[in-house]
Amino acid sequence: MVNLILREVADDDLPLFFDNQRDPEAVRMAAFTSKDPEDRAAFDAHWTRIRARDDILIRTIVVNGRVVGSVLSYVMEGETEVSYWISRDYWGRGIATAALAEFLTIQTTRPIYARAAKDNTGSLRVLAKCGFRIIGEDRGFANGRGQEIEEYVLELAGGVTG
Ligand SMILES: CC(C)(COP(=O)(O)OP(=O)(O)OC[C@H]1O[C@@H](n2cnc3c(N)ncnc32)[C@H](O)[C@@H]1OP(=O)(O)O)[C@@H](O)C(=O)NCCC(=O)NCCS
């Protein structure tokens, strides 16, 4: 039985977030990542910046008392987008789906958007299960792949809660 809660980010969560975002398999999967996932100073500066912003909502995901990742929303060119990252040890247990569904009860902006590399099957499935639909595609340089790749743009329309 999984007991999942979302709570505000604590300083002690950051070492695990750092490990998550430098896991090579996860970096490849997420694709649109930081330039150098091993750069702790850049990671710290990034998290200090995003935690201070009023237009970014971040929650730590805690499962059975253990921190397993994060879920967040940010504003890009006027549109609110969500993203999430789970420790590899916890993949495949429905955690991202449950965490995003819960997050969408506190982040109630609609429509709300997400992006995922076209081959990030896991993330696309998480989004579909939470009610997101593909509305377009884009192309951009993915640091996690060292090349330009294609991604889907997805939308959760107003009134749909998944
Ligand atoms: C993508 C990610 C968030 C999925 O987390 P998760 O907790 O394993 O996801 P869930 O267990 O909720 O899985 C939801 C669905 O996706 C499927 N899925 C998960 N990972 C998958 C994979 N690698 N390949 C294919 N399907 C996958 C599950 O089988 C499940 O589908 P089902 O309900 O039809 O069986 C996780 O792998 C991760 O953090 N990856 C690195 C960061 C990242 O890619 N973030 C998203 C950026 S857009």
Side-chain angles (χ1 to χ4, degrees), residues 1-7 9 13-39 42-43 46-47 50 56-77 79-105 107 109 111-156 160-162:
M1 182 75 181
V2 169
N3 175 355
L4 182 147
I5 62 161
L6 301 184
R7 62 152 169 77
V9 176
D13 301 338
L14 297 182
L16 181 114
F17 294 173
F18 180 64
D19 283 346
N20 282 356
Q21 66 102 51
R22 70 191 176 119
D23 177 317
E25 197 176 323
V27 167
R28 192 181 153 67
M29 196 173 176
F32 296 96
T33 56
S34 62
K35 265 197 189 112
D36 178 6
E38 298 291 338
D39 186 339
F43 171 89
H46 174 71
W47 275 84
I50 64 175
I56 300 185
L57 183 65
I58 320 175
R59 288 292 180 266
T60 292
I61 305 165
V62 182
V63 170
N64 296 337
R66 299 195 63 150
V67 174
V68 303
S70 61
V71 52
L72 74 155
S73 64
Y74 50 90
V75 179
M76 275 285 263
E77 293 169 12
E79 292 183 341
T80 304
E81 295 190 11
V82 291
S83 188
Y84 34 79
W85 200 301
I86 310 292
S87 301
R88 180 136 56 104
D89 291 349
Y90 288 85
W91 288 1
R93 301 188 200 176
I95 291 171
T97 305
L100 180 61
E102 177 69 18
F103 185 75
L104 291 167
T105 68
Q107 172 46 281
T109 302
I112 192 162
Y113 299 89
R115 288 166 179 267
K118 279 190 174 178
D119 58 7
N120 192 343
T121 318
S123 187
L124 289 166
R125 184 82 188 115
V126 167
L127 291 163
K129 291 181 82 175
C130 288
F132 284 77
R133 298 289 170 259
I134 293 171
I135 55 159
E137 38 191 88
D138 208 348
R139 216 186 145 74
F141 187 81
N143 289 319
R145 310 273 178 96
Q147 64 182 63
E148 242 193 49
I149 63 163
E150 295 187 335
E151 64 178 349
Y152 285 122
V153 180
L154 300 98
E155 179 190 57
L156 177 65
V160 179
T161 53

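Just follow the structure's listing: the first ligand is 1, and inside any ligand the first atom is 1.
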Inset, instruction - Compare all side-chain heavy atoms of L127 with those of L156 and state whether any distance is below 4.5 angstrom. - result: no
Inset, instruction - Taking the side chain as every heavy atom from C-beta outward, state whether I112 and F132 have any atom pair closer than 4.5 Å. - result: yes
List of N/O pairs, ligand 1 versus protein, all under 3.5 Å?
residue: ligand 1; atom: 7 (O); partner: A96; partner atom: N; Å: 3.0
residue: ligand 1; atom: 8 (O); partner: G92; partner atom: N; Å: 2.7
residue: ligand 1; atom: 11 (O); partner: R93; partner atom: N; Å: 3.3
residue: ligand 1; atom: 11 (O); partner: G94; partner atom: N; Å: 2.6
residue: ligand 1; atom: 12 (O); partner: T97; partner atom: N; Å: 3.1
residue: ligand 1; atom: 12 (O); partner: T97; partner atom: OG1; Å: 2.6
residue: ligand 1; atom: 33 (O); partner: K129; partner atom: NZ; Å: 2.5
residue: ligand 1; atom: 34 (O); partner: R125; partner atom: NE; Å: 2.7
residue: ligand 1; atom: 34 (O); partner: R125; partner atom: NH2; Å: 3.0
residue: ligand 1; atom: 37 (O); partner: W91; partner atom: NE1; Å: 3.4
residue: ligand 1; atom: 39 (O); partner: I86; partner atom: N; Å: 2.8
residue: ligand 1; atom: 44 (O); partner: N120; partner atom: ND2; Å: 2.9
residue: ligand 1; atom: 45 (N); partner: Y84; partner atom: O; Å: 2.9

Inset, instruction - List for me each residue that meets side chain to side chain contact (heavy atoms under 4.5 Å, CB included) alongside S73, sequence neighbours excluded, and say none if there are none. - result: L57, T80, V82, F103, Q107
Inset, instruction - Kindly say whether N64 contributes a backbone atom to a donor-acceptor pair with the side chain of N3 at under 3.5 angstrom? - result: no
Inset, instruction - Identify, with sequence neighbours excluded, every residue that meets salt bridge (charged side-chain N to carboxylate O under 4.0 Å, His left out) alongside E81. - result: R115
Legend entry - Residues that F32 engages under ring-ring contact (aromatic ring centres under 6.0 Å, His included), provided they are two or more places apart: none
